[in-house]
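Structure first, commentary second.
Counting starts at 1 for both ligands and their atoms, following the listed order.
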Amino acid sequence: MFVKRRRGWEIPEREATPESIYLSRRSLMGLAGAGAIATVAAPSPANALIGSLFGSSEGLEQTLDTSADPTFDLYPFKRNDTYTLSRPLTAEADAGSYNNFYEFGSHKEIWQAAQALPTRPWTITLDGMVEEEKTVDIDTLIRAMPLEERLYRHRCVEAWSMTVPWSGFAMKALVDYARPLGSAKYVTMQTFMDPKVASGQNQSWYPWPYVEGLTIEEATNDLAFLVTGVYGKPAAKQYGAPLRLAAPWKYGFKSAKSLVKFTFTDKRPETFWEGIAPNEYGFWANVNPEVPHRRWSQAQERVLGTGETIPTRMFNGYGEYVAGLYASMSGEKLYM
Ligand code: MTE
């Protein structure tokens, strides 16, 4: 008889919060945690001043209504039951109103400012070490990809976390579509650049545009996911519409938003935060509770919405999928 072995973090799907509940809950992170972040001064994703924690959420629901999106008819995507959770989903109003998106401000309440980003027309360029460089319209790309929904944990380097139902497609499908040369070792991801709509991009001390990177092995790992939607519909702009990464075994800053370009290369790219503070943010950024950030222990995390504190897991609980990628990499700073 086939018996499914349940991993440590798994719960049956019926125990994950249904949409009707996550849509109606509204709660904020604990003030204690917010204070910890607000005391930091240097520029980094970890020093973001919390916007007005009790600021108005008027208009938030409209930003989360993405029914005008040209791909709305495709949602909800069929859930891939391989990826399950050990705690309830974060309420949509919480995940959609507490964001890191430095292009629109170095605080958490960017959901209004992000609405200035025009997400159509939008193209994705695949270039560098590929058989043939191409630029594809986002809607054509989405309709060509194997679409699915996955319940993932997200762990920010700032020691907060959430659990969300991302919609999208395996990054491996994009890599296959791009047809990289055998000599390509990395894929660099680049966010849009438009200081006219993204006021943060006028701050010249940041090395815009936001760039992130993965090895080809990481990008083609089952877990690497390109996100087009969340909560069963196209993603709102504050999440990084129309296309962002979700690499849940890594700190959240690896999951670059509003992507426009994937470049295949044999040189390891310098990433956005690495360029700003190389002693604090590295290329690998794998979650490890035993390796503290310069300013924080990473042993625990605060759950967005409930404020509960829970232990952080190695690779954010995804070691079964990804630990093997790093088994022979001694000498690399894999956890910062
Ligand atoms: N991508 C871009 N382009 N700009 C950013 O500032 N912030 C990162 C990541 N992707 C960021 C980004 C960080 S630090 C985190 S924790 C996540 O986005 C936050 O994703 P969320 O706002 O959906 O929670």
Using a 4.0 Å cut-off to any heavy atom of [X], which atoms of ligand 1 qualify?
X      : answer
Gly252 : 8 (C), 9 (C), 13 (C), 15 (C), 16 (S), 17 (C), 18 (O)
Asn99  : 21 (P), 22 (O), 23 (O)
Phe101 : 3 (N), 4 (N), 5 (C), 6 (O)
Cys156 : 16 (S)

[Y] ring centre to [X] NZ or CZ under 6.0 Å, with the angle to the axis within 45°?
X      : Y      : value
Lys108 : Tyr98  : yes
Lys254 : Phe283 : yes
Lys185 : Phe264 : no

Under 3.5 Å, N or O to N or O, is [X] touching ligand 1 that way?
X      : value
Thr191 : yes
Asn100 : yes
Lys257 : yes
Glu103 : yes

Determine whether the side chain, the backbone, both or neither of Lys254 has a heavy atom under 4.0 Å from any heavy atom of ligand 1.
-> neither
Classify the contact between Phe192 and ligand 1 as side chain, backbone, both or neither, using a heavy-atom distance cut-off of under 4.0 Å.
-> neither
Strictly under 4.0 Å, does any heavy atom of [X] approach an atom of ligand 1?
X      : value
Ala256 : yes
Glu212 : no
Ser255 : yes
Trp111 : no
His154 : yes

Give the single entry among Trp208, Phe104, Tyr210 that approaches atom 2 (C) of ligand 1 most closely by any heavy atom.
->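 Among Trp208, Phe104, Tyr210, the closest heavy atom to atom 2 (C) of ligand 1 comes from Tyr210.
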When you look at Phe315 and Tyr326, which way does the ring pair (Phe, Tyr, Trp, His ring centres under 6.0 Å) test go after all the steps?
-> CA-CA 11 Å; Phe315 293 115; Tyr326 311 102; 5.7 Å; yes
Contact summary for [X] and [Y], nearest pair of heavy atoms:
X      : Y      : value
Val211 : Glu270 : CG1-O, 4.0 Å
Thr66  : Pro234 : OG1-O, 2.8 Å
Trp249 : Ala224 : CZ3-N, 4.0 Å
Pro248 : Tyr318 : CB-CE1, 3.5 Å

Lys333 atom NZ: more than 12 heavy-atom contacts under 6.0 Å | no
Taking C-beta and beyond as the side chain, do Phe253 and Glu212 meet within less than 4.5 Å on heavy atoms?
-> yes
